[in-house]
Asker: 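Dropping a structure here in structure tokens format, bear with me for questions.
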Amino acid sequence: GEDVEQSLFLSVREGDSSVINCTYTDSSSTYLYWYKQEPGAGLQLLTYIFSNMDMKQDQRLTVLLNKKDKHLSLRIADTQTGDSAIYFCAEKADQGGKLIFGQGTELSVKP
Amino acid sequence: EPEVTQTPSHQVTQMGQEVILRCVPISNHLYFYWYRQILGQKVEFLVSFYNNEISEKSEIFDDQFSVERPDGSNFTLKIRSTKLEDSAMYFCASIWGTGGHEQYFGPGTRLTVT
């Protein structure tokens with residue numbers, strides 16, 4: 001079945017770049033997403049990439065997609081303490097529109 | 001900016017009781033979803049709803065669960081007889097239509113079953 005995997009923790013220093021990685025199994029995924037969850041809050045859609053793209057840049061965020069390896073990454077440039085949160089990778093299943101989530105990567109930004 | 005809202009933010013209930021979790025999706029959205037996140041686990045799909053009927057449901061969504069859109073704005077998830085393992089954060093999400101794909105999530109309802 002469909003599965004999405006992420007590493008659980010990432011710690012960086014303020015001002016550095018963060019790279020959060022994700023792998024997925026469903027080769028028919030149409031869209032892949034990054035959501036951010038701050039403590040006690042819901043899931044905020046950060047960005048997404050269509051499956052026929054390799055890269056998408058949105059201000060400090062860069063999404064890279066390697067379809068051959070089924071690997072997705074989110075790069076945050078100039079990481080700030082306010083970026084500390086849990087980041088979820090998700091794929092849109094081909095049928096029905098439901099999202100399949102990874103377990104989330106907790107990003108800790110140290111000053 | 002329009003947003004999905006959910007009430008209550010936290011619900012505590014005793015095992016065997018019925019609970020209703022409420023969501024108000026973004027007003028012009030047509031597709032609605034419920035997900036849940038058990039503490040420390042992945043966010044899991046429960047059910048999708050379109051045109052007043054269930055489009056898809058997961059194995060988790062058994063006979064104890066039901067969804068309803070009782071009026072033009074609310075979207076509810078009912079759990080008939082809660083179990084301890086139903087304790088989780090429940091998220092509602094919506095999409096505007098068939099051409100849209102971006103799911104917008106509410107802040108969630110934390111359900112604690114004692």
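Below, read A as the first sequence line, B as the second, and so on, with proteins coming before strands; counting in each chain starts at 1.
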Asker: Return yes when atom CG of Asp69(A) has more than 12 non-hydrogen atoms of other residues, nucleotides or ligands closer than 6.0 Å, and no otherwise.
Answerer: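 Yes.
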Asker: Looking only at atom types and distance, does a side-chain atom of Tyr35(B) sit under 3.5 Å from a main-chain N or O of Leu99(A), one as donor and one as acceptor?
Answerer: yes
Asker: Tell me, side chain or backbone of Gln37(B) under 4.5 Å from chain A's heavy atoms, or both, or neither?
Answerer: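 Gln37(B) touches chain A through side-chain heavy atoms alone.
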Asker: Take Gln41(B) and Gln103(A) through the test side-chain contact (heavy atoms from CB on, under 4.5 Å) and record every step on the way to the result.
Answerer: CA-CA 6 Å; Gln41(B) 297 187 23; Gln103(A) 59 269 61; over 6 Å; no
Asker: Say whether, by atom type as modelled, one donor and one acceptor occur between the side chain of Lys42(B) and the main chain of Val4(A) under 3.5 angstrom.
Answerer: yes
Asker: Hey, any chance Leu45(A) and Tyr33(B) share a hydrophobic cluster, counting ILVMFWY side chains that come within less than 4.5 Å of each other, even indirectly?
Answerer: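 Yes, Leu45(A) connects to Tyr33(B) through the hydrophobic network.
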Asker: What option among Phe45(B), Phe105(B), Phe91(B), Tyr104(B) has the most heavy-atom pairs under 4.5 Å with chain A?
Answerer: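 Of Phe45(B), Phe105(B), Phe91(B), Tyr104(B), Phe105(B) has the most heavy-atom pairs under 4.5 Å with chain A.
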Asker: Give the cluster check for Ile100(A) versus Leu74(A): same hydrophobic cluster or not, with ILVMFWY residues linked at side-chain heavy-atom distances below 4.5 Å.
Answerer: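 The answer is yes; both residues are in one hydrophobic cluster.
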Asker: Using non-hydrogen atoms only, which part of Gln37(A) is less than 4.5 Å away from chain B: side chain, backbone, both, or neither?
Answerer: side chain
Asker: Are more than 12 heavy atoms, taken from residues, nucleotides or ligands other than Met15(B), located less than 6.0 Å from that residue's CE atom?
Answerer: no
Asker: If you count heavy atoms of other groups shown closer than 6.0 angstrom to NZ of Lys57(B), is the number above 12?
Answerer: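 Not buried by this count: 12 neighbours or fewer within 6.0 Å.
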Asker: What's the spacing between Ile95(B) CD1 and Lys92(A) NZ if we round to 0.5 Å?
Answerer: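 Separation between the atoms: 7.0 Å.
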Asker: I'd like to know whether CD of Gln14(B) has more than 12 heavy-atom contacts from other residues, nucleotides or ligands below 6.0 angstrom.
Answerer: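 No.
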Asker: Take a 6.0 Å sphere around CG of Leu39(B) and say whether it holds more than 12 heavy atoms from other residues, nucleotides or ligands.
Answerer: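 No.
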Asker: For the residue pair Val43(B) and Phe88(A), establish whether any side-chain heavy-atom pair is separated by less than 4.5 Å.
Answerer: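 With C-beta onward as the side chain, the pair touches.
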Asker: State, to 0.1 Å, how close Tyr35(A) and Gln103(B) come at their nearest heavy-atom pair, and which atoms those are.
Answerer: OH-O, 2.7 Å
